[in-house]
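Numbering starts at 1 and runs along the sequence shown.
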Amino acid sequence: MKNRFLACPLAAATALALAGCGLLPGAGGETRTVDIWLMRDSVSEDFLKRFTEAYEDEHDDVELNVTIQEWTGIGKKVTEAITGGGGPDVIEVGNTQVAQYADTDRLFDLTLESVRDLGSEDWLPGLAEPGSIGGSQYGIPWYAANRIVIYNKDLFAQAGVDATPATRAEWLSATEKLNRQGSQGIYLAGQDWYTLAGFIWDEGGELAVDKGGEWTGALDSPAALRGMDFYKDLQSLGSGPKNADEQNPPQAEVFARGDVAQIVATPSAVAAVLKANPGLKDKLGYFPIPGKKAGTPCAVFTGGSDLIIPENAPDRAAALEVVKALAGEKWQTELARAMGYVPNKKGLASVVSGQEATAAMAAGAANGRATPNSPQWASVEGDNPIKPFMTAVLEGEDAKKAARTASEAITDTLAE
């Protein structure tokens with residue numbers, strides 16, 4: 001580790017980095033400082049410490065200065081940084097946020113490096129696609145997370161469901177058996193639109209389509225309506241509310257009562273389940289959301305983060321080397337195992353094979369998708385017309401009519 005003077009009195013390099021302290025180079029040759037913005041809870045202190053020490057040991061002329069940012073208000077802060085006089089060198093952003101930052105024309109084009117150095121042909125599509133704007137790659141996939149099925153092993157056994165379902169048809173059949181007196185086959189809130197999106201994609205539909213540069217809502221297509229039909233069938237096999245999303249009430253707390261056989265959630269929900277009911281610790285199982293055909297999991301919304309380099313980065317060359325390290329096989333493996341994330345490449349899925357929930361997530365991520373790659377999509381989610389559409393269908397209204405209304409609202413918002 002290089003000698004240095006600390007700009008703030010923290011003993012550990014990680015704690016110093018998390019606090020965003022500056023580092024003064026020690027005696028000797030000129031040192032380049034790479035300023036990095038990472039988001040709260042994306043990495044552990046231990047991972048950041050190990051990465052920082054290893055990278056600086058391997059790059060004697062580089063020091064990493066990491067600042068942890070809060071998700072609240074980050075859009076405005078990043079936009080100001082990349083359009084100002086000189087911001088950070090590397091920024092972690094949500095994968096679906098890349099389009100809005102690329103719309104400023106102030107991101108560094110990483111297309112060449114993606115193909116030549118970073119193995120872009122194996123990237124998870126749900127991370128790679130939103131980072132690609134107009135044929136250029138601006139966001140480098142970093143890590144992913146997506147929904148899986150979390151189930152209660154005891155309730156499966158009691159219902160005689162001996163194997164996890166491999167197809168959507170098998171899933172419906174098993175859930176019907178599980179939905180019996182005293183227990184719900186599945187708890188699926190009526191407005192869980194991310195889960196619906198997967199069913200729509202699995203049918204070949206879209207939430208919105210780009211027609212010559214103009215985005216149009218597409219919930220009223222036959223394929224999208226088939227996805228909603230399946231959602232309705234599945235949602236009816238439990239007592240989830242038709243007019244609320246998965247946070248109202250929090251589905252993890254409902255599942256923790258012990259009378260719900262399944263929920264659709266990311267593995268991060270497990271901590272909340274076990275906090276509410278520690279007795280379920282050894283009773284939880286996991287499998288990818290089943291697709292229409294055995295061997296191919298359902299399409300899923302892939303959340304996660306990409307790494308971007310602003311055009312105004314003070315040291316783009318050094319920033320690029322840091323991104324290559326963070327997105328490369330060694331630190332992708334370390335990050336996935338430490339944080340329970342899906343690595344950025346399909347070919348790295350095996351590194352989490354020993355972690356049941358993460359392995360199920362990785363299997364689904366191979367067929368992952370992202371929301372429409374429009375800079376205005378965040379505005380759609382802000383006053384989300386998909387949610388009332390779902391409620392209307394679940395409450396018996398005409399699906400085609402409700403879908404057309406929602407599609408028109410999406411079109412109007414994306415045109416703003």
- [ ] Apply the side chain to side chain contact (heavy atoms under 4.5 Å, CB included) test between F230 and each candidate in L196, I200, L172; give the one that qualifies.
- [x] L172
- [ ] Specify whether F156 and Y151 have parallel, tilted or perpendicular ring planes, treating 30° as the upper limit for parallel and 60° as the lower limit for perpendicular.
- [x] tilted
Open item on the list: I need the L225 CG to K400 NZ distance, nearest 0.5 Å.
Closed with: 5.5 Å
TODO: Indicate yes or no for a side-chain donor-acceptor contact from N312 to the backbone of G84 under 3.5 Å, with no hydrogens or angles considered.
DONE: yes
Task: Pairing residues for W201 by the ring pair (Phe, Tyr, Trp, His ring centres under 6.0 Å) criterion, not counting sequence neighbours - done: none
Open item on the list: Parallel, tilted or perpendicular: which one describes the rings of W377 and W193, with boundaries at 30° and 60°?
Closed with: tilted
TODO: Using modelled atom types only, decide if a donor and an acceptor are shared between the side chain of R147 and the backbone of F301 within a distance under 3.5 Å.
DONE: no
Task: E214, CD: over 12 other non-hydrogen atoms inside 6.0 angstrom - done: no
Task: For D192 against L188, the heavy-atom pair lying closest together - done: OD2-CD1, 3.9 Å
Open item on the list: Checking the side chain of E206 only, and the main-chain atoms of A218 only, is there a donor and an acceptor separated by less than 3.5 Å?
Closed with: no
Open item on the list: Regarding K49 and E53, does a basic nitrogen lie under 4.0 Å from an acidic carboxylate oxygen?
Closed with: yes
Open item on the list: Please check: side-chain N/O of Q251 versus main-chain N/O of A189, any donor-acceptor pairing under 3.5 Å?
Closed with: no
Task: Donor-acceptor pair, side chain of T216 and main chain of T411, under 3.5 angstrom - done: no
TODO: For side chain to side chain donor-acceptor pair (under 3.5 Å), just list the numbers for T413 and Q376, CA-CA rounded to whole Å, side-chain angles, deciding distance to a tenth of an Å, and then say yes or no.
DONE: CA-CA 7 Å; T413 301; Q376 302 302 322; over 6 Å; no
- [ ] State, with a plain yes or no, whether a side-chain heavy atom of N344 is found less than 4.5 Å away from one of L124.
- [x] no
Task: Smallest separation among heavy atoms of Q191 and P388, with atom names - done: NE2-N, 4.4 Å
Open item on the list: Run L284 and V270 through side-chain contact (heavy atoms from CB on, under 4.5 Å) and show every step you take.
Closed with: CA-CA 9 Å; L284 301 181; V270 173; 3.9 Å; yes
TODO: Find out whether I36 and V322 are in side-chain contact, i.e. whether some heavy atom of one side chain is under 4.5 Å from a heavy atom of the other.
DONE: yes
- [ ] Could you go through the side-chain contact (heavy atoms from CB on, under 4.5 Å) check for V300 and N367 one step at a time?
- [x] CA-CA 7 Å; V300 288; N367 201 24; 5.9 Å; no
- [ ] Measure across A363 and P297 and return the closest heavy-atom pair with its distance rounded to 0.1 Å.
- [x] O-CG, 3.7 Å
Task: Polar side chain donor-acceptor pair, D35 to N65, under 3.5 angstrom - done: yes
- [ ] Using the side-chain contact (heavy atoms from CB on, under 4.5 Å) rule, take I309 and I140 through it: C-alpha gap first, then chi angles, then the decisive distance, then the call.
- [x] CA-CA 9 Å; I309 298 177; I140 301 302; over 6 Å; no
- [ ] Apply side chain to side chain donor-acceptor pair (under 3.5 Å) to K77 and Q69, showing your working.
- [x] CA-CA 9 Å; K77 191 168 186 177; Q69 302 289 344; 2.7 Å; yes
Open item on the list: Using a 3.5 Å distance criterion without hydrogens, assess whether the side chain of E92 forms a donor-acceptor pair with backbone atoms of W37.
Closed with: no
Task: Closest non-hydrogen atom pair between A365 and V342, with its separation - done: CB-CG1, 3.9 Å
Task: Heavy-atom side-chain proximity of T358 to M361 below 4.5 angstrom - done: yes
Open item on the list: I'd like to know if the side chain of T104 reaches the main chain of Y101, judged simply by a donor and an acceptor atom lying under 3.5 Å from each other, with no hydrogens or angles considered.
Closed with: yes
Open item on the list: For K401, is there any backbone N or O sitting under 3.5 Å from a side-chain donor or acceptor partner on T405?
Closed with: yes
TODO: Give a yes or no on whether D398 atom CG has more than 12 heavy-atom contacts from other residues, nucleotides or ligands under 6.0 Å away.
DONE: yes
Task: Note, N373 side chain near I133 side chain (heavy atom, < 4.5 Å) - done: yes
Open item on the list: Are there over 12 heavy-atom neighbours, none belonging to K153, within less than 6.0 Å of that residue's NZ?
Closed with: yes
- [ ] Begin from the C-alpha positions of D46 and S44 and carry the test side chain to side chain donor-acceptor pair (under 3.5 Å) through to its verdict.
- [x] CA-CA 5 Å; D46 177 68; S44 65; 5.0 Å; no
Open item on the list: Assess, by modelled atom type and distance only, whether the side chains of E416 and S379 contain a donor and an acceptor separated by less than 3.5 Å.
Closed with: no
TODO: May I ask you to check whether F255 and Y187 place their ring centres under 6.0 Å from each other?
DONE: no
TODO: For residues L207 and L219, determine if any side-chain heavy atom of one lies less than 4.5 Å from a side-chain heavy atom of the other.
DONE: yes
Task: From E176 atom CD to I186 atom CD1, the distance as rounded to the nearest 0.5 Å - done: 12.0 Å
Task: Exercise: identify the closest heavy-atom pair between G364 and P288 - done: N-CB, 4.4 Å
Task: Heavy-atom side-chain proximity of R316 to E311 below 4.5 angstrom - done: yes
TODO: Indicate yes or no: at least one non-hydrogen side-chain atom of L110 is less than 4.5 angstrom from one of L320.
DONE: yes
Task: Over 12 non-hydrogen atoms of neighbours within 6.0 angstrom of NZ in K293 - done: no
TODO: Check for a donor-acceptor pair, side chain of E170 on one end and backbone N or O of A166 on the other, with a separation under 3.5 Å.
DONE: yes
Open item on the list: With a sphere of 6.0 Å drawn around CD of E329, does it hold more than 12 non-hydrogen atoms of other residues, nucleotides or ligands?
Closed with: no
- [ ] Enumerate the residue pairs fulfilling ring-ring contact (aromatic ring centres under 6.0 Å, His included) with a member in residues 120-147, sequence neighbours excluded, ordered by first and then second residue.
- [x] Y143-Y341
TODO: Answer yes when K324 and E321 have at least one side-chain N-carboxylate O distance shorter than 4.0 Å, and no when they do not.
DONE: yes
- [ ] Kindly compute the distance separating CG (D109) from OG (S114), expressed to the nearest 0.5 Å.
- [x] 8.0 Å
TODO: Test side chain to side chain donor-acceptor pair (under 3.5 Å) on Q137 and S120 and set out the steps.
DONE: CA-CA 10 Å; Q137 194 75 37; S120 58; over 6 Å; no
- [ ] Mark yes when over 12 heavy atoms from residues, nucleotides or ligands other than K232 sit less than 6.0 Å from its NZ; otherwise mark no.
- [x] yes
Task: Test item: D89 and P314 side chains (from C-beta on) under 4.5 Å apart, heavy atoms - done: yes
Open item on the list: Please check this pair: side chain of E56 against backbone of L64, looking for a donor-acceptor N/O pair closer than 3.5 Å.
Closed with: yes
Open item on the list: What I want to find out is whether D202 reaches K292 closely enough, with some N-O distance under 4.0 Å, to be called a salt bridge.
Closed with: no
Open item on the list: If you compare all heavy atoms of A252 against all heavy atoms of A272, which two are closest, and at what distance to 0.1 Å?
Closed with: CB-CB, 3.8 Å
